[in-house]
Undergrad: 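This is the structure I want to talk about, given as structure tokens.
Keep in mind that what you see is a predicted model, and the values were worked out from it rather than measured.
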Amino acid sequence: MAEQKKKPTPVKPKKTSAVSESGERRVVLSAKPAPLGLPAEETSLDDFTTIATSRKEASLEAERAWEAAKKQMAQRSQDASFDWMRDDPIDEPDEEEEGIPISKAKRQAQSPAQRRMRGYDRGKRILAVCLIFVAMFISVGGFVFDKLDLIQFDDGVKKSQQQEDVSMLQEAQAIIADDLKGLEFRSDYPGLPQGEVYQDPNVINVLLLGTDERTTRFNTNARSDSMILVSLDTKNHTVKLGSFERGTGVPILEGEYRGQWDWLTHCFRYGGSDLVMEEIQACYLLDCSHYIRTNIRAFMALIDVVGGVDIYLSEAEADYINHWYKYKYATNHVKEMSIKNELHTVRVGQNHLDGPTAMLYARCRAVDNDFGRMKRQRIVMQAIFNQVKDLSIPELNNMLNTVLPLIQTNFTRGELATLVLEVPNIISGDFETMQLPQTGTYGQMRGMEGRSLFAVDFQRNADDLRNFLYGDTTGTSPAQ
């Protein structure tokens with residue numbers, strides 16, 4: 001980060017030390033002595049000697065008084081009859097009665113036992129308040145951990161692999177091939193970026209994975225159809241989103257196909273969430289070791305349970321939703337999800353969309369390309385957060401009960417409980433966003449089984465991502 005200009009350091013008085021008769025060393029600040037003014041009448045040397053002696057005696061007397069006061073305080077702290085509560089802020093105003101403040105007179109009239117009981121009563125009040133706060137903390141903590149038990153915890157490592165769904169594979173190939181038309185063809189594979197992974201202890205990076213199951217149940221045959229980085233700056237309380245193109249060509253780092261090149265989205269099939277995070281770290285030098293996984297059904301359920309989302313639709317987007325049956329991929333989505341009767345008619349401009357209609361919007365790429373689809377997904381995420389911050393406690397509880405069972409993550413319960421503290425900051429403002437690869441930093445190439453891949457300049461994109469997440473880090477070294 002850019003080095004801040006140092007403020008001029010104010011000149012401080014010099015520190016000197018003095019030793020009291022008790023042997024205690026004290027640090028004192030020496031100020032510039034004021035000029036000594038001579039009295040109007042003549043003063044002899046003996047007079048100055050007397051003045052100096054008097055000052056020395058006064059200083060020694062102050063030292064002795066301080067030592068005596070410390071001994072007296074130590075004695076009182078050990079004395080059971082000492083009323084440590086006697087400076088009660090709720091005492092009556094100090095009106096005088098025979099020259100003695102009333103509150104002081106009352107204390108003097110009380111016996112040691114009464115004073116102890118008075119302190120005991122006040123102590124009980126303080127303890128009661130503390131217990132109330134502890135009870136509230138336990139209740140909130142119990143609520144949070146009770147909800148966390150609904151989540152599916154998984155380390156993200158692939159345990160088994162099923163056969164590829166041929167129809168879905170063909171659909172994905174056609175989509176990516178469309179987006180690569182007209183791009184420069186590369187015969188060689190791009191190199192991975194040089195450098196180390198940059199880390200900031202104040203920044204938490206979480207990879208949101210949207211897998212393409214058509215049911216609420218997760219399976220090992222899925223692909224990570226949507227990959228969005230959520231970067232939380234816990235110091236500045238900001239949120240940044242970054243989308244990764246699913247057709248990005250990456251080298252498979254682990255498993256059966258190690259060493260070959262394929263789509264980033266396929267890495268989920270080859271090695272689960274863990275491999276996807278490993279690929280992104282290697283290709284973009286991104287510090288990311290946590291993921292949250294959901295799928296299309298959970299996405300729709302979340303939107304419905306928060307009451308729908310407000311989305312502005314262009315003319316092309318509105319036409320796509322209203323006439324979905326004219327578009328091949330929209331027709332496939334509607335049939336696969338059995339949502340034909342749940343779709344609503346929309347108009348150009350601001351619309352309030354339910355889950356199925358918002359899903360059709362978020363998966364739309366026919367009106368532009370896959371980068372447009374990625375942008376729409378980020379818009380829907382922002383709209384969901386806008387809805388969440390207006391929910392009542394019962395509505396929030398209902399949302400958690402509905403959505404959390406449809407989430408999978410490798411966060412621990414303790415880490416998630418800590419992350420909950422950042423939720424108000426996540427939903428309080430707009431997000432900064434970017435998509436990877438950046439425009440003008442990629443071409444096309446062929447990967448395993450002849451698939452068309454985005455040939456990405458990883459070095460440029462890794463630098464762009466680092467600047468986006470952390471700002472100017474020139475002159476700083478990555479954390480080890």
Undergrad: Under a plain distance cut-off of 3.5 Å, with no hydrogens placed, do Thr441 and Gln438 share a side-chain donor-acceptor pair?
TA: no
Undergrad: Does Lys240 pair with Asp233 as a salt bridge, N-O distance under 4.0 Å?
TA: no
Undergrad: Begin with the C-alpha distance, continue with both residues' side-chain angles, and end with the deciding distance and a verdict on side chain to side chain donor-acceptor pair (under 3.5 Å) for Arg446 and Ser452.
TA: CA-CA 5 Å; Arg446 297 289 182 190; Ser452 298; 2.6 Å; yes
Undergrad: Among residues at least two apart in sequence or on other chains, which ones pass side-chain hydrogen bond (donor to acceptor under 3.5 Å, both in side chains) with Asn398?
TA: none
Undergrad: Taking all non-hydrogen atoms of both residues into account, name the closest pair between Leu391 and Val306 and its distance.
TA: CD2-O, 4.0 Å
Undergrad: Looking at residues at least two apart in the chain, or sitting in another chain, which of them share a ring-ring contact (aromatic ring centres under 6.0 Å, His included) with Phe411?
TA: His290
Undergrad: Going by ring-ring contact (aromatic ring centres under 6.0 Å, His included), name the residues that satisfy it together with Phe153, two or more places apart in sequence or in a different chain.
TA: none
Undergrad: Is Arg293 salt-bridged to Asp154, going by a charged N under 4.0 Å from an acidic O?
TA: no
Undergrad: Tell me yes or no: between the side chains of Ser243 and Arg378, is some donor less than 3.5 Å from an acceptor?
TA: yes
Undergrad: Quick one: list whatever passes ring-ring contact (aromatic ring centres under 6.0 Å, His included) with Phe299, sequence neighbours left out.
TA: none
Undergrad: Indicate yes or no: does Asp370 engage Arg373 in a salt bridge with an N to O separation below 4.0 Å.
TA: yes
Undergrad: According to side-chain contact (heavy atoms from CB on, under 4.5 Å), who are the partners of Asn401, at least two apart in sequence or on a separate chain?
TA: Lys147, Leu150, Asn397
Undergrad: Considering only heavy atoms from C-beta outward, does the side chain of Thr234 approach that of Val203 to under 4.5 Å?
TA: no
Undergrad: Which heavy-atom pair separates Ala383 from Asp310 by the least distance, and what is that distance?
TA: CB-O, 3.8 Å
Undergrad: Just jot down the side-chain contact (heavy atoms from CB on, under 4.5 Å) partners of Ala366, sequence neighbours excluded, or say none.
TA: Tyr320, Tyr327
Undergrad: For Thr211 and Asn295, test the side chains for any donor-to-acceptor distance below 3.5 angstrom and give the result as yes or no.
TA: no
Undergrad: If you define the side chain from C-beta out and look only at heavy atoms, does anything of Glu278 sit under 4.5 Å from Glu254?
TA: yes
Undergrad: Determine, for Asp368 against Arg376, whether the closest basic-nitrogen to carboxylate-oxygen distance falls under 4.0 angstrom.
TA: yes
